[in-house]
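Below, read A as the first sequence line, B as the second, and so on, with proteins coming before strands; counting in each chain starts at 1.
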2 protein chains.
Amino acid sequence: MSATGDLKKTLYEQLARLGKAVASPARLELLDLLCQGPRTVESLAHEAGLSVANASQHLRVLHGARLVEGEKNGLFVTYRLADPAVGDFFQTLRALGEKRLAEVDAILREFREAPESLEAIEKETLLNRVKKGEVILIDVRPAEEYRAGHIPFAMSVPLKELGSHFAKLRRRQPIVAYCRGPYCVLAVEAVKQLRAKGFRAARMDDGIAEWRARGLPVAVSEVAK
Amino acid sequence: MSATGDLKKTLYEQLARLGKAVASPARLELLDLLCQGPRTVESLAHEAGLSVANASQHLRVLHGARLVEGEKNGLFVTYRLADPAVGDFFQTLRALGEKRLAEVDAILREFREAPESLEAIEKETLLNRVKKGEVILIDVRPAEEYRAGHIPFAMSVPLKELGSHFAKLRRRQPIVAYCRGPYCVLAVEAVKQLRAKGFRAARMDDGIAEWRARGLPVAVSEVAK
DNA sequence: AAACTATTCAAGGATACAATTGAATAGTGT
DNA sequence: ACACTATTCAATTGTATCCTTGAATAGTTT
C-alpha cells in the first residue's frame with residue numbers, strides 16, 4: 001500500500017494542476033475567450049483587460065496544465081484550446097457554477113430575465129427560419145471570432161460596427177443576435193441598441209460553444225493554413 | 001460595458017471559487033472518497049492520511065464552494081457531495097487529466113496494464129453472469145462504502161478481511177473484484193492476493209461512480225434515516 | 001456534574017501565487 | 001545593419017494558502 005499509495009498521491013497532484021489552472025478569474029476569462037477560437041496574446045490581453053506580460057504568464061500556466069497550445073506564426077503567437085475536451089470541461093465547470101453557486105445564478109438572472117433574452121424561439125427551428133429568410137441572425141462578436149467559427153447563415157455584425165448597419169436592415173424583419181454565450185454582454189447591448197432604433201430584435205443566449213455542444217453545425221470562413 | 005464588465009469580472013471570480021476548491025491534491029482525494037458515499041470527518045482524514053483538523057479545514061473549503069454538505073448527527077458530522085453534478089464534474093476533471101496530462105496517463109497505465117486488469121469481460125454482460133452465479137463479484141472497499149452504494153449482487157469483502165474469506169470461496173469459480181475506480185489500488189491488491197492463493201480472479205477497473213455514470217443500477221443497503 | 005469525544009476555530013510560520021516592472025529574445029520591415 | 005514589434009523572461013512585492021499546534025465548542029456517556 002505504501003508503494004501504490006505514493007502513486008495515488010502523485011495522481012491527485014497531477015489532477016490538482018488542472019484545478020490550479022482554473023483557480024484564477026483571469027485564466028478563466030482567457031479560457032472562455034479561447035473557447036470562441038484561436039487568438040494572439042495581445043488580442044487576448046486587450047479583451048480581458050490584462051497587461052500583455054500578465055496575460056502571457058497566465059497563458060504559460062494554462063499551457064503548463066496542457067489546456068492550451070501556442071503556435072508561433074512570424075511575430076505573433078496564436079493560442080488555441082489544446083483539445084475539444086478542454087471546452088467540454090469548461091462547460092461542465094460553468095454548469096456546476098450555475099447549479100451550485102447562488103451568486104452565479106443571480107448574476108446570470110440579470111442577463112436572462114432582461115427583456116432582450118430570447119425565450120420563445122426554439123433553437124432547432126431557428127436555423128430553418130433563418131434559411132427561409134424569415135429571421136436575420138447576426139453574430140455580434142469581433143470579426144476575428146466570427147471567422148474562427150459561426151452559426152451557418154449568420155451575418156457578421158461586430159457590435160462596434162452595428163451603427164453602420166442600421167441603414168441596411170429593414171425594421172420589420174425580426175433580428176436575432178448572439179455572441180459568446182450566456183455570460184457575454186455583447187448581444188445584450190446589441191439588442192438594446194437595435195430596439196432603441198425601432199428594430200424587432202431578440203437575443204439568443206447560446207454562443208458557439210453551446211451550439212457546438214448540441215451537435216449543431218458550425219461554419220468556418222477562415223482559410224486553413 | 002463598464003457596468004456589465006464588472007458583472008463579468010465577478011462571474012469569473014465566482015467560477016474561480018470552484019477552481020480553487022479543486023486546486024489542492026488533498027481536497028481532490030477527499031472529493032474522490034466522497035464520490036463513494038457519505039463519510040465522517042475522522043474517517044475521511046484517516047483514509048486520506050490527513051490530520052483531523054486539516055481535513056476539517058479542507059472540507060470547510062469544499063463546503064464554501066458548495067461542493068459538499070455536512071450534517072451533524074450527534075457527535076459526528078457526516079459529509080456528502082452536495083449534488084450529483086459534483087460527481088459528474090469530478091469525472092470530467094479526471095477524464096481531462098487522463099486525456100491531456102501524460103503523467104496521469106502513465107500512472108494509470110501501471111494499473112491498467114497490470115495482469116490483474118479485466119479486459120475481456122463486457123461490463124454489460126457481467127451483471128447477467130453474476131446473476132446466474134457463473135461469476136462471483138466482490139466489492140473490496142471498506143464495508144462503510146459498500147453500504148452507501150454497490151453493484152447489485154456484489155458481495156462485500158473488504159480488502160482487510162479478504163484472508164478470512166479464502167475458505168468460503170471455490171477455487172474454480174471466477175472472481176471479479178472492483179473498488180473505487182480506475183485510480184484505486186484496493187482491487188489490484190485483492191486480485192494479487194487471490195491469484196497467489198490459486199483463485200481465478202480478475203479486476204474490473206470501473207468503480208461505483210463509473211457504474212452509475214453508465215446508467216447501470218446501484219444497490220444500497222444502508223437504512224435511510 | 002465530570003470525563004470524554006468529534007469537530008471546529010484561531011494563530012503562527014513557511015510556501016506558493018499574482019501582478020508589476022524592466023530587460024531579453026526572436027522575428028519583421030526598411 | 002537598423003529601428004520596430006510581439007512575446008517571453010527575471011526579479012520584486014504584496015497577498016493568499018497550507019499545515020501545524022493548542023484551545024474552544026457541542027454533544028455523549030457515566
Side-chain angles (χ1 to χ4, degrees), chain A residues 9-10 12-34 38-80 144 225, chain B residues 5 9-10 12-31 33-34 38-80 144 225:
Chain A
K9 277 279 172 320
T10 63
Y12 291 118
E13 274 165 25
Q14 293 305 319
L15 288 182
R17 284 171 59 190
L18 298 177
K20 282 176 190 161
V22 294
S24 138
R27 284 196 288 274
L28 284 169
E29 185 159 10
L30 291 173
L31 264 185
D32 200 3
L33 287 169
L34 286 173
R39 293 183 79 147
T40 66
V41 177
E42 187 178 41
S43 154
L44 287 165
H46 179 255
E47 192 80 22
L50 301 170
S51 77
V52 173
N54 196 10
S56 173
Q57 267 175 124
H58 279 303
L59 288 166
R60 215 174 49 78
V61 173
L62 290 171
H63 180 77
R66 307 292 145 85
L67 295 180
V68 306
E69 274 168 8
E71 183 197 7
K72 187 149 192 174
N73 284 332
L75 212 47
F76 296 81
V77 175
T78 306
Y79 277 91
R80 69 194 70 224
E144 187 179 12
K225 306 188 209 132
Chain B
K9 277 281 174 316
T10 63
Y12 292 118
E13 275 165 27
Q14 293 305 320
L15 288 182
R17 284 170 60 189
L18 298 177
K20 281 174 190 162
V22 293
S24 138
R27 285 196 288 274
L28 284 170
E29 186 160 10
L30 291 173
L31 264 186
L33 288 170
L34 287 173
R39 294 182 78 148
T40 66
V41 177
E42 188 179 40
S43 152
L44 288 165
H46 179 256
E47 191 80 22
L50 301 170
S51 77
V52 173
N54 196 9
S56 173
Q57 266 175 121
H58 280 303
L59 288 166
R60 215 175 49 80
V61 173
L62 289 171
H63 180 77
R66 308 289 144 85
L67 296 180
V68 306
E69 274 167 8
E71 183 198 6
K72 187 149 192 175
N73 283 333
L75 212 46
F76 296 81
V77 175
T78 304
Y79 278 92
R80 67 193 72 225
E144 186 177 14
K225 311 185 208 142

- prompt: Can A/Q14 and A/R17 be counted as having a side-chain donor-acceptor contact under 3.5 angstrom?
  reply: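 Yes - a donor-acceptor pair under 3.5 Å links their side chains.
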How long is the line joining [atom1] of [X] and [atom2] of [N], in whole Å?
{"X": "B/K20", "N": "D/dA16", "atom1": "NZ", "atom2": "C1'", "value": "8 Å"}
{"X": "A/L50", "N": "D/dT8", "atom1": "CG", "atom2": "P", "value": "14 Å"}
{"X": "A/H46", "N": "D/dT5", "atom1": "NE2", "atom2": "P", "value": "17 Å"}
{"X": "A/L28", "N": "C/dA18", "atom1": "CG", "atom2": "C1'", "value": "14 Å"}
{"X": "A/E71", "N": "D/dT7", "atom1": "CD", "atom2": "P", "value": "13 Å"}
{"X": "B/F76", "N": "C/dT7", "atom1": "CZ", "atom2": "P", "value": "6 Å"}
{"X": "B/E13", "N": "C/dA19", "atom1": "CD", "atom2": "P", "value": "10 Å"}
{"X": "A/E42", "N": "D/dT8", "atom1": "CD", "atom2": "P", "value": "12 Å"}

- request: Carefully, step by step, assess B/L34 and B/L59 under the rule side-chain contact (heavy atoms from CB on, under 4.5 Å).
  value: CA-CA 11 Å; B/L34 287 173; B/L59 288 166; 4.2 Å; yes
message: Can you see if the side chain of A/Y79 gets near the phosphate of D/dT8 - specifically, an N or O under 4.0 Å from OP1 or OP2?
response: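 Answer yes for this pair, as a side-chain N or O of A/Y79 is under 4.0 Å from OP1 or OP2.
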Gap between atom [atom2] of [Y] and atom [atom1] of [X] - 0.5 Å precision:
{"X": "B/H63", "Y": "B/R60", "atom1": "NE2", "atom2": "CZ", "result": "9.5 Å"}
{"X": "B/L33", "Y": "B/E144", "atom1": "CG", "atom2": "CD", "result": "10.0 Å"}
{"X": "A/S43", "Y": "A/Y79", "atom1": "OG", "atom2": "OH", "result": "13.0 Å"}

For [X] and [Y], which heavy atoms make the closest approach, and how far apart are they?
{"X": "B/A21", "Y": "B/A65", "value": "CB-CB, 3.7 Å"}
{"X": "B/A23", "Y": "A/A23", "value": "CB-CB, 4.2 Å"}
{"X": "B/S51", "Y": "B/A45", "value": "O-CB, 4.0 Å"}

- request: Please work out which residues in residues 53-67 of chain A have a non-hydrogen atom less than 4.0 Å from an atom of DNA chain C and list them by number.
  value: A/A53, A/N54, A/Q57, A/H58
task: Quick one, give me the B/S/- string for nucleotides 23-30 of chain C, reading 5' to 3', where B means a protein heavy atom under 4.0 Å from the base and S means that only happens at the primed atoms, P, OP1 or OP2.
output: ---BBS--
- request: Using the closest heavy atom to pick a nucleotide of DNA chain C for each, name whichever of A/R27 or B/T40 lands nearer the 5' end.
  value: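 The residue closer to the strand's 5' end, by nearest nucleotide, is B/T40.
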- prompt: Any side-chain heavy atom of B/V68 within less than 4.5 Å of one from B/L30?
  reply: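 SC-SC contact between B/V68 and B/L30 ruled out.
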field: A/D32/B/Y12 under side-chain contact (heavy atoms from CB on, under 4.5 Å): CA gap, chis, key distance, verdict
entry: CA-CA 10 Å; A/D32 200 3; B/Y12 292 118; 2.5 Å; yes
message: What's the angle between the local helix axes at either end of the helix from C/dG13-D/dC18 to C/dT30-D/dA1, using five pairs per end and rounding to 10 degrees?
response: 20°
- prompt: Between A/R27 (side chain) and A/K20 (backbone), is there a donor-acceptor pair under 3.5 Å?
  reply: yes
